[in-house]
Amino acid sequence: MPSPEMQAFFSWFQSNDGYIDTAAMDVMDFPASEGGRGAIALVDIPENHTVFSIPRKLLLTPRTSALPAKMGERAWKKTFELHRGWAGLILCMMWEAAQGAQSKWCSYFEMMPTTFDTPMFWSEDELAELKGTSVVDKLGKDDAEKTYAEKVLPAIQSRPDLFAQEDIPTLYSLDVFHMMGTRIQSRSFTVEKDESELADAGQDQDVGNASMGSAMDVDEPEATGHEHEDGAVDEHNEDDDEGEDEDGDEADEDDNTEIAMVPLADILNARYKSENVRLFYEPECLKMVSTRVIKAGEQIWNTYGDPPNAELLRAYGHVDWLPLPFTSKSESGNAQEQEYGNPGDVLEIRADLVVQCVLDELNANANVGGGNSPMTMDDMEPRIDWWMEDVGEDVFVLEHPLADTDASQSSTADPKQRLVQTLTPSLLAFIRLLSLPAADFARAQQKDKMPKPGADARALRVARAVLVRRAGMYVGGGVLEDKAALGALDAVPVSVGDVGKRRRRHAIMVRLGEKRVLEALLGVVDEAAGWVEKEEGAGAKDEKKNKRKAAKDEDAEGGRKKRR
Ligand SMILES: C[S@@+](CC[C@H](N)C(=O)[O-])C[C@H]1O[C@@H](n2cnc3c(N)ncnc32)[C@H](O)[C@@H]1O
């Protein structure tokens with residue numbers, strides 16, 4: 001039985017031209033590990049079936065809210081730059097919520113959560129458990145607070161006729177700003193604007209053009225109407241919203257997409273590779289359509305793009321904890337033991353760590369004591385500049401060697417090629433670029449030819465140093481220690497109200513997933529180091545031999561010439 005807020009929300013939705021196939025789906029509470037409140041299939045739902053559809057007028061964006069028009073385009077765009085990032089949408093949501101029953105979205109606000117488990121709301125002690133993970137650098141709390149202080153609050157204070165100033169501590173506070181920002185982060189969709197709507201409204205396309213990056217994407221139907229391609233866009237815009245939070249990125253003036261709150265579509269939970277519906281857009285509405293048969297009693301799952309746990313926790317406040325399709329002997333000592341985690345977990349390595357490790361490697365072998373001056377960061381600058389201009393990657397994302405995300409990778413027969421793929425081509429290309437002798441670097445730059453990735457002995461030594469140092473950035477020891485810590489926590493059930501314990505558990509799960517990738521890669525490097533060095537030794541011997549032979553042949557030829 002749905003809650004009273006949910007029932008009120010359903011009636012509001014349906015009385016505003018929203019369509020729900022109530023014979024096919026309902027909303028219910030699943031266990032917390034499956035997302036809590038979500039949608040369930042009441043009957044077997046065939047593929048390509050519309051479970052619900054949302055008229056565009058119910059989307060909540062700065063184009064549908066009355067606030068931007070009330071403030072005026074000049075104030076909105078020029079004075080407060082509310083068309084950039086998420087600030088405008090957050091302010092619209094604060095203002096609409098403050099209107100209470102007067103707002104078109106009143107019932108929608110009432111069904112949305114008010115508290116969150118994303119690290120944005122964690123204490124310093126809780127955040128300390130995430131040290132070393134890629135969550136920490138991407139929190140963006142300071143940027144969000146700057147946006148509130150420099151854009152949103154001044155906009156609120158500038159119009160006492162629109163924002164009752166005595167309501168600032170309750171309805172327009174920093175806490176409410178964070179709450180709305182997190183609602184956007186965990187529930188919004190990137191939606192293509194409907195051109196006809198723009199033309200009808202005589203509106204400037206840029207008004208309300210929101211930042212890239214939000215929770216979920218909407219798919220475009222094929223020209224024939226409603227059918228969709230298999231495996232169509234499902235990305236979470238991981239790259240786009242990197243480092244971005246409630247502040248968002250700058251608006252792209254030509255972007256025809258916007259970030260929208262989409263009532264009902266955001267009631268769906270997601271789990272790694274479990275998607276069975278997707279949101280598609282049409283000129284008048286957005287439709288949630290099944291992408292495969294959904295059995296009666298199954299949860300109706302959307303996709304959030306199957307991100308790693310670090311990203312899931314940062315943006316949504318939960319993690320995926322599933323049986324892994326691969327096990328590692330080094331981890332369990334017993335290949336039979338089923339490991340749990342997120343198969344999409346990755347390890348992120350910042351370029352500055354790589355630069356440091358290359359410098360150490362070069363200086364250790366440069367006979368510095370024998371007269372050579374050590375290489376410094378200054379020597380690396382031109383190379384880093386070129387890399388950033390040409391490739392632009394300052395964080396390398398490494399997958400688990402057994403994740404098999406790219407079938408072509410595992411089918412590559414050449415072990416050196418496989419090694420390059422496993423250790424990530426761009427990382428190895430960067431190491432090679434930084435390691436080039438000065439003359440070779442000058443030549444490469446002259447020809448505008450970035451070095452190709454290579455897994456030679458030196459690159460492996462650098463990769464090893466990078467991984468070892470990266471491991472030292474985490475708290476909690478290695479994979480085995482984290483598993484033990486998790487086991488100890490899980491020995492006592494987490495009560496719903498035990499927020500601290502739940503957060504600690506999530507933090508361990510995130511760092512354990514990253515360390516699992518790290519330790520598996522370290523295993524690959526150590527295994528490869530032996531045969532790569534041997535191969536290089538043999539290569540060097542062959543080269544010497546060939547040189548000797550060539551010299552001998554030359555001598556013999558010289559002798560023959562003399563005799564002639
Ligand atoms: C788009 S909303 C989904 C609906 C949400 N359960 C509700 O009650 O409104 C996204 C939020 O649902 C929760 N969620 C979704 N999928 C989940 C999962 N697989 N495990 C745990 N929580 C999940 C997270 O709190 C996330 O921030």
Side-chain angles (χ1 to χ4, degrees), residues 2-10 13 25-40 51-52 54 59-60 93 105 107-122 135 178-191 213-218 234 236 241 245-246 259-279 286 288 298-323 340-345 494 496 499 502-503 505-506 509-510 513:
S3 64
E5 300 88 59
M6 211 50 223
Q7 287 176 33
F9 170 73
F10 265 36
F13 184 81
M25 70 150 271
D26 201 356
V27 169
M28 63 164 269
D29 283 329
F30 290 90
S33 59
E34 290 182 36
R37 187 178 54 175
I40 186 168
V51 243
F52 55 84
I54 309 108
L59 268 50
L60 174 49
M93 289 173 70
W105 292 278
S107 302
Y108 180 39
F109 282 114
E110 276 172 9
M111 64 71 95
M112 275 195 263
T114 51
T115 55
F116 303 90
D117 245 351
T118 51
M120 179 68 92
F121 300 95
W122 292 18
V135 180
H178 277 311
M179 179 180 78
M180 295 303 183
T182 307
R183 282 174 167 175
I184 296 175
Q185 187 149 58
S186 61
R187 312 180 75 87
S188 66
F189 287 76
T190 307
V191 178
S214 73
M216 299 152 271
D217 271 355
V218 183
D234 67 350
H236 172 87
D241 60 10
D245 207 315
E246 284 143 43
I259 305 297
M261 300 300 289
V262 186
L264 195 59
D266 60 357
I267 201 69
L268 301 184
N269 296 316
R271 192 178 59 190
Y272 185 82
K273 298 261 187 276
S274 295
E275 168 211 304
N276 50 24
V277 290
R278 263 218 196 165
L279 195 60
L286 305 179
M288 193 60 83
E298 265 186 61
Q299 176 155 193
I300 302 180
W301 298 104
N302 191 8
T303 177
Y304 301 167
D306 296 336
N309 275 343
E311 187 53 22
L312 268 182
L313 184 68
R314 183 189 76 84
Y316 301 92
H318 71 273
V319 297
D320 274 341
W321 203 245
L322 309 163
Y340 286 80
N342 181 339
D345 274 343
V494 186
V496 181
V499 175
R502 191 170 58 236
R503 290 178 178 175
R505 198 170 170 266
H506 280 167
M509 287 165 157
V510 168

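Both ligands and their constituent atoms are indexed starting at 1 by order of listing.
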Evaluate the side-chain hydrogen bond (donor to acceptor under 3.5 Å, both in side chains) criterion for residues Y272 and D345: first the C-alpha distance (whole Å), next the side-chain angles of each, then the deciding distance (0.1 Å), finally the verdict.
CA-CA 11 Å; Y272 185 82; D345 274 343; over 6 Å; no
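- The backbone N or O of Q299 sits less than 3.5 Å from a side-chain atom of N276, completing a donor-acceptor pair.
- Ring geometry for F52 versus F13: interplanar angle over 60°, hence perpendicular rather than tilted (30 to 60°).
- If you check each of D29, N269, I267 against atom 13 (C) of ligand 1, the one with the closest non-hydrogen atom is N269.
- Atoms of ligand 1 lying under 4.0 Å from at least one heavy atom of A270, given by number and element, are 15 (C), 16 (N), 17 (C), 18 (C), 19 (N).
- Considering backbone and side-chain atoms together, G35 places an N or O closer than 3.5 Å to an N or O of ligand 1.
- Distance alone, capped at 3.5 Å, places no donor-acceptor pair between the T118 side chain and the F116 backbone.
- Using the six-membered ring where Trp is involved, Y304 and Y316 have ring planes that are parallel, under 30° apart on the 30 and 60° scheme.
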Steps toward side chain to side chain contact (heavy atoms under 4.5 Å, CB included) verdict (E311, V135):
CA-CA 7 Å; E311 187 53 22; V135 180; over 6 Å; no
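- Ligand-side atoms of ligand 1 in range of L268: 1 (C), 3 (C), range being under 4.0 angstrom from any heavy atom.
- A distance-only check finds a donor-acceptor pair linking the side chain of N269 to the backbone of R37 [under 3.5 Å].
- Residue G36 places no heavy atom under 4.0 Å from ligand 1.
- The only option from D320, D306, V319 that meets the side chain to side chain contact (heavy atoms under 4.5 Å, CB included) definition with N342 turns out to be D320.
- Using a 4.0 angstrom heavy-atom cutoff, G317 does not count as in contact with ligand 1.
- Close contacts of ligand 1 with D266, meaning ligand atoms under 4.0 Å from a residue heavy atom, involve 1 (C), 2 (S), 3 (C), 4 (C).
- Counting heavy atoms under 4.0 Å from ligand 1, residue R37 touches it through both backbone and side chain.
- For ligand 1, the polar-atom distance check finds an N/O of R187 within less than 3.5 Å of one of the ligand's N/O atoms.
- Contact analysis leaves A315 out of contact with ligand 1, as no non-hydrogen atom separation drops below 4.0 angstrom.
- With hydrogens and angles ignored, the 3.5 Å screen pairs a side-chain donor or acceptor of W122 with a backbone N or O of D117.
- Short contacts between ligand 1 and Y316, defined as distances under 4.0 Å to a heavy atom of the residue, involve ligand atoms 24 (C), 25 (O), 26 (C), 27 (O).
- For Y304, the closest heavy-atom approach to ligand 1 falls below 4.0 Å.
- Counting heavy atoms under 4.0 Å from ligand 1, residue S186 touches it through both backbone and side chain.
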